[in-house]
Amino acid sequence: MNDVREALARLAADPAGRGVLAEIEATEGSAPRKTGARMLLGPDGRFSGTVGGGGLEYLAQRDARDVLRAGGELRRTYSLGSAPGEATGAICGGSATVVFRVLGPEDAAALLAALPKPPRVLLFGAGHVGRALADVLALLDLPVTVTDPRAELLTAERFPAAERRVVPEERMTVDAAAEDLVVILTHSHALDYAVLRQAMATEARYVGLIGSRKKSALFRERLAADGVPPADIEARLHMPVGLPIGAETPEEIAVSIAAELIAELHK
């Protein structure tokens, strides 16, 4: 699915472009998306983003096309069961009110500037799991920076979706902001701890490290001995990284890590 942010950027760069933004204004009861969810109909007829899928989205796409032809603004409530509104065929029981408005290039540029930037994922390690995780995160529209001293692994061919690829000349450095997510998957336990120690000194909201339970226990002890407050370790450190789904292959581990990142972002 195309990212709404990218679609807005394309519309902003098209002097003659016109699109329609559909945004959930309110929900009642059970609904597939929350207030603020967006879908954009671009000048090329393509849709980006989603307001919920199924019958709701089918009708919303129909209405977006109508608004693009007629202009103006439309506010419509869709019933997802017993609630009032246009029937969608859903049985969730709630409703969603969607506002449609036409956007020109200037409107798209203004909205794009107002959107909060998505959190970055700072990924340390370009091995099998790192490569698989970068691919999964691209589907989630999360910007990824991959850092690894092994230039032969950190290539555009192996990491085509990475926003940045960093091959440090000396040591890996962690420059994480408060909303960033740090995932450590290096090829060396010593390097893992060096990066982890730096990450815990930043304000990154999430720090994840791959490893066994024994490694996790040892690293937690070392962090405490190095003066990292136990409450900080408990609040931010995810080690072993990923949800416990029995993952074994690099691809399965990547899915478990991505799922944990989603859970963190939706806290």
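Counting from 1, the numbers follow the sequence of the chain as shown.
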* To do: Starting at CG of L196, measure out to CD1 of I184 and round the result to the nearest 0.5 Å.
  => 4.5 Å
* Rounded to the nearest 0.5 Å, how far does CG of L142 lie from CG of L261? -> 7.5 Å
* Structure fact -> In short, ring-ring contact (aromatic ring centres under 6.0 Å, His included) pairs touching residues 226-267 with sequence neighbours left out are Y206-H238
* Asked: Do I253 and V136 belong together in a cluster built from hydrophobic side chains that touch within less than 4.5 Å?
  -> no
* To do: Could you tell me the separation between the OH atom of Y78 and the CG atom of D63, rounded to the nearest 0.5 Å?
  => 3.5 Å
* Asked: Is a salt bridge present between D226 and R222, judged by a nitrogen-to-oxygen distance below 4.0 Å?
  -> no
* Asked: Above 12 or not: heavy atoms from other molecules or residues under 6.0 Å from CZ of R213?
  -> no
* Answer yes or no: is there a side-chain heavy-atom contact under 4.5 Å between I24 and K34? => no
* Report whether L21 and L115 are members of the same hydrophobic cluster (ILVMFWY, side-chain heavy atoms less than 4.5 Å apart, transitive linking). => yes
* To do: Find the distance between CG (L123) and OG1 (T147) and round it off to the nearest 0.5 Å.
  => 8.0 Å
* Asked: Is atom CG of D175 surrounded by more than 12 heavy atoms (other residues, nucleotides or ligands) closer than 6.0 Å?
  -> no
* Test M200 against L223 for side-chain contact (heavy atoms from CB on, under 4.5 Å), laying out the working first. => CA-CA 9 Å; M200 294 302 293; L223 287 173; 4.3 Å; yes
* Is the side chain of R75 donor-acceptor paired with the backbone N or O of E25 at a distance under 3.5 Å, no angle test? -> no
* Do E57 and T50 pass the side chain to side chain donor-acceptor pair (under 3.5 Å) test, and can you show the C-alpha distance, the side-chain angles, and the key distance before you say yes or no? -> CA-CA 7 Å; E57 186 142 309; T50 175; 2.4 Å; yes
* Asked: Is the backbone of P229 close enough, under 3.5 Å, to the side chain of D232 for a donor and an acceptor to pair up by distance?
  -> no
* To do: For R10 and P43, indicate whether the former's side chain and the latter's backbone hold a donor-acceptor pair under 3.5 Å.
  => no
* Asked: If you draw a 6.0 Å radius around CD in E106, do more than 12 non-hydrogen atoms from other residues or ligands fall strictly inside?
  -> no
* Asked: Between V98 and R76, is a side-chain contact (heavy atoms from CB on, under 4.5 Å) present by the stated rule, with each step listed?
  -> CA-CA 5 Å; V98 181; R76 176 154 290 164; 5.8 Å; no
* To do: For D14 and L11, indicate whether the former's side chain and the latter's backbone hold a donor-acceptor pair under 3.5 Å.
  => no
* Do L80 and V51 share a hydrophobic cluster (ILVMFWY, side-chain heavy atoms under 4.5 Å, transitive)? -> yes
* **E234, CD: over 12 other non-hydrogen atoms inside 6.0 angstrom** => no
* Hey, is K215 close enough to D192 for a salt bridge, meaning N to O under 4.0 Å? -> yes
* Asked: Are any side-chain N or O atoms of Q198 and backbone N or O atoms of V174, one a donor and one an acceptor, separated by less than 3.5 Å?
  -> yes
* Could you check V144, L185, V241 and say which one makes a side chain to side chain contact (heavy atoms under 4.5 Å, CB included) with L133? => L185
* Given side chains that start at C-beta, do those of R220 and L237 come closer than 4.5 Å, heavy atoms only? -> yes
* To do: Walk me through it: do L41 and Q61 pass the test side-chain contact (heavy atoms from CB on, under 4.5 Å)?
  => CA-CA 8 Å; L41 170 60; Q61 289 183 349; over 6 Å; no
* Derivation of the side-chain contact (heavy atoms from CB on, under 4.5 Å) call for R197 and V228 -> CA-CA 9 Å; R197 186 66 187 87; V228 180; 3.6 Å; yes
* **Test item: R236 side-chain N/O and A204 main-chain N/O as donor-acceptor pair under 3.5 Å** => yes
* Asked: At what distance, to the nearest 0.5 angstrom, does CE of M39 lie from CG of L56?
  -> 8.0 Å
* **Within 6.0 angstrom of R164 CZ, more than 12 heavy atoms from elsewhere** => no
* Asked: Any chance NE2 of H187 has more than 12 other-residue heavy atoms, nucleotides or ligands included, within less than 6.0 Å?
  -> yes
* **Between CZ on residue R205 and CG on residue L265, distance to nearest 0.5 Å** => 5.0 Å
